[in-house]
Amino acid sequence: MHIKKFQGPHTMQLPFGNFMSLAYMPQKFTKRWVASRKATVVNAVLIWSISLDEAFNLYVLSHDEHTIWEIAVAHYGERALGVTSLKNINNPKNNLRKL
């Protein structure tokens with residue numbers, strides 16, 4: 001098992017009560033984004049454990065991509081970060097009640 005070394009607090013409490021550790025952050029330049037990895041990045045930026053610019057550089061994200069993830073988590077929860085759900089959120093013609 002490989003444990004990432006980092007400076008700063010080892011765990012942080014998220015606004016909704018869960019705890020998060022920077023050791024669970026996705027690898028740099030992640031190519032396969034599953035919902036849990038997207039949520040981890042959104043939560044890390046939300047609680048300022050990493051800056052938005054750091055997230056853009058580490059994970060090669062666009063501002064629009066991160067904004068869509070952030071809106072999806074805020075309105076519908078982590079489940080909305082699945083590829084099918086994001087397609088529904090991005091397409092206003094689709095009914096969002098499917099989420």
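Keep in mind that what you see is a predicted model, and the values were worked out from it rather than measured.
- Not one N or O on the side chain of E70 forms a donor-acceptor pair closer than 3.5 Å with the backbone of T67.
- Taking V60 as the reference, F29 meet the side-chain contact (heavy atoms from CB on, under 4.5 Å) condition, with sequence neighbours excluded.
- Distance check: E78 CD to N43 CG gives 8.0 Å after rounding to the nearest 0.5 Å.
- Listed here is the closest heavy atom pair of G82 and A35: N-CB, 4.1 Å.
- Cluster membership check: I47 shares its hydrophobic cluster with L81, using side-chain heavy-atom separations under 4.5 Å among Ile, Leu, Val, Met, Phe, Trp and Tyr.
- R37 places a side-chain N or O within 3.5 Å of a backbone atom of R32 that can act as its donor or acceptor partner.
- Atom OG of S51 sits about 8.5 Å away from atom CG of L58, to the nearest 0.5 Å.
- No donor-acceptor distance shorter than 3.5 angstrom exists from the side chain of T30 to the backbone of P26, with no hydrogens or angles considered.
- Residues A72 and A80 approach most closely at O-CB, 3.8 Å, considering heavy atoms.
- In this structure, the side-chain contact (heavy atoms from CB on, under 4.5 Å) partners of L61, at least two apart in sequence or on a different chain, are W33, V41, F56, Y59, E65, W69.
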